[in-house]
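The structure appears below as structure tokens.
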Amino acid sequence: AQSVTQLDSQVPVFEEAPVELRCNYSSSVSVYLFWYVQYPNQGLQLLLKYLSGSTLVKGINGFEAEFNKSQTSFHLRKPSVHISDTAEYFCAVTPSGTYKYIFGTGTRLKVLA
Amino acid sequence: DVKVTQSSRYLVKRTGEKVFLECVQDMDHENMFWYRQDPGLGLRLIYFSYDVKMKEKGDIPEGYSVSREKKERFSLILESASTNQTSMYLCASHSWGQGDSYEQYFGPGTRLTVT
């Protein structure tokens with residue numbers, strides 16, 4: 001079985017500071033990895049994904065993530081956050097070749113002025 | 001752009017009522033999903049459909065049923081709504097064949113309150 005852990009439920013950070021949102025997963029088979037963002041009262045929107053190839057993945061809005069197979073991690077980073085990045089962020093994995101997506105419990109990023 | 005729409009953004013129903021949540025996608029995706037989202041629990045899969053009239057139970061199917069009569073439409077049914085079904089419901093669609101993207105596309109969600 002697969003699982004996804006987002007240890008930080010809330011992350012406050014000042015505007016223009018860097019941020020890292022942590023995601024660790026557990027799986028006995030190869031997986032594809034995703035980060036989604038949810039703005040207030042909206043559905044989820046894809047930020048970035050890792051399917052194969054380069055372990056550093058760049059997404060929308062200046063976010064990037066690095067896949068680390070040995071540490072089973074897929075942490076999300078942004079070098080300088082804006083107020084508009086305030087949202088909830090979800091890490092998700094899917095075992096390759098299946099329909100099942102496993103989501104983490106989410107990290108609420110609050111950017112402070 | 002893929003568009004996934006849900007029939008209501010906010011819904012208030014009474015205990016015991018039968019509730020229908022509708023989801024429509026416009027990209028000819030074969031796979032559609034219903035999740036519920038609760039604080040601290042993330043997204044949990046209720047049901048999944050991989051073709052018209054085909055469905056599979058997810059992790060929390062109890063108290064729910066689904067219907068998929070047309071490829072673009074996937075309905076979630078609460079047979080007899082209970083207060084513990086108060087939640088945000090998210091619909092998503094996905095296709096294996098479209099660039100192998102594996103991405104799920106989400107609707108805006110329906111916030112259901114059962115009183």
Side-chain angles (χ1 to χ4, degrees), chain A residues 1-10 21-27 29-53 57 59-60 65 67 74 87-108, chain B residues 1-10 21 23-25 29-51 54-61 74 88-111:
Chain A
Q2 292 76 32
S3 66
V4 177
T5 302
Q6 293 181 251
L7 282 173
D8 305 308
S9 59
Q10 293 188 69
L21 306 183
R22 296 180 295 167
C23 173
N24 288 86
Y25 70 93
S26 168
S27 178
V29 300
S30 60
V31 295
Y32 300 136
L33 300 119
F34 306 82
W35 275 99
Y36 285 86
V37 60
Q38 184 180 36
Y39 298 105
N41 297 316
Q42 293 187 28
L44 275 68
Q45 175 186 349
L46 183 72
L47 270 180
L48 47 80
K49 64 190 176 200
Y50 174 79
L51 304 182
S52 64
V57 180
I60 62 171
F67 170 54
F74 191 54
E88 189 155 22
Y89 293 79
F90 291 92
C91 181
V93 304
T94 179
S96 47
T98 75
Y99 71 87
K100 194 166 174 69
Y101 289 73
I102 300 97
F103 287 85
T105 52
T107 297
R108 199 172 293 273
Chain B
D1 268 1
V2 176
K3 185 162 273 188
V4 180
T5 56
Q6 295 183 229
S7 50
S8 306
R9 295 298 304 274
Y10 300 93
L21 303 183
C23 175
V24 178
Q25 51 95 3
H29 284 173
E30 62 270 21
N31 302 322
M32 296 187 74
F33 306 78
W34 274 107
Y35 295 93
R36 69 175 277 177
Q37 180 184 10
D38 300 289
L41 297 178
L43 277 71
R44 292 179 292 168
L45 182 65
I46 304 172
Y47 266 99
F48 158 69
S49 170
Y50 53 92
D51 201 350
M54 306 305 288
K55 62 186 179 185
E56 283 194 16
K57 292 181 181 179
D59 299 317
I60 52 164
F74 191 35
M88 169 74 95
Y89 290 87
L90 292 166
C91 175
S93 73
H94 162 269
S95 176
W96 295 117
Q98 298 193 11
D100 289 332
S101 68
Y102 298 102
E103 174 186 350
Q104 289 199 342
Y105 295 85
F106 284 85
T110 296
R111 190 167 293 281

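FYI, side chains are in, hydrogens and waters are out, and symmetry mates aren't considered; it's all heavy atoms of this structure. Order of the sequence lines sets the chain letters (A, B, ...), proteins ahead of strands, with each chain counted from 1.
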task = Calculate, to the nearest 0.5 Å, the distance between atoms CG and CZ belonging to A:Leu46 and B:Phe106 respectively.
result =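 Output value for this atom pair is 9.5 Å.
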_Within residues 38-45 of chain B, residues adjacent to chain A where the heavy-atom gap is under 4.5 Å_ =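 B:Gly40, B:Leu41, B:Gly42, B:Leu43, B:Leu45, listed by number.
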Begin from the C-alpha positions of B:Glu103 and A:Tyr32 and carry the test side-chain contact (heavy atoms from CB on, under 4.5 Å) through to its verdict. CA-CA 10 Å; B:Glu103 174 186 350; A:Tyr32 300 136; over 6 Å; no
| field | Aromatic contact, B:Tyr35 with A:Tyr101 (centres under 6.0 Å) | value |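 No, the ring of B:Tyr35 stays outside the 6.0 Å limit from the ring of A:Tyr101, centre to centre.
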### Close side-chain approach of A:Gln38 to B:Leu90, heavy-atom, < 4.5 Å
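Yes, at least one pair of side-chain atoms sits under 4.5 Å.
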Taking the side chain as every heavy atom from C-beta outward, state whether B:Gln104 and A:Tyr36 have any atom pair closer than 4.5 Å.
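Heavy-atom side-chain distance check passes, below 4.5 Å.
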Review point. Is it the side chain or the backbone of A:Gln6 that comes within 4.5 Å of chain B heavy atoms, both, or neither?
Key: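 When you check distances to chain B, no heavy atom of A:Gln6 falls under 4.5 Å.
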Q) Can A:Lys100 and B:Phe48 be said to form a side-chain contact (heavy atoms from CB on, under 4.5 Å), step by step? A) CA-CA 9 Å; A:Lys100 194 166 174 69; B:Phe48 158 69; over 6 Å; no
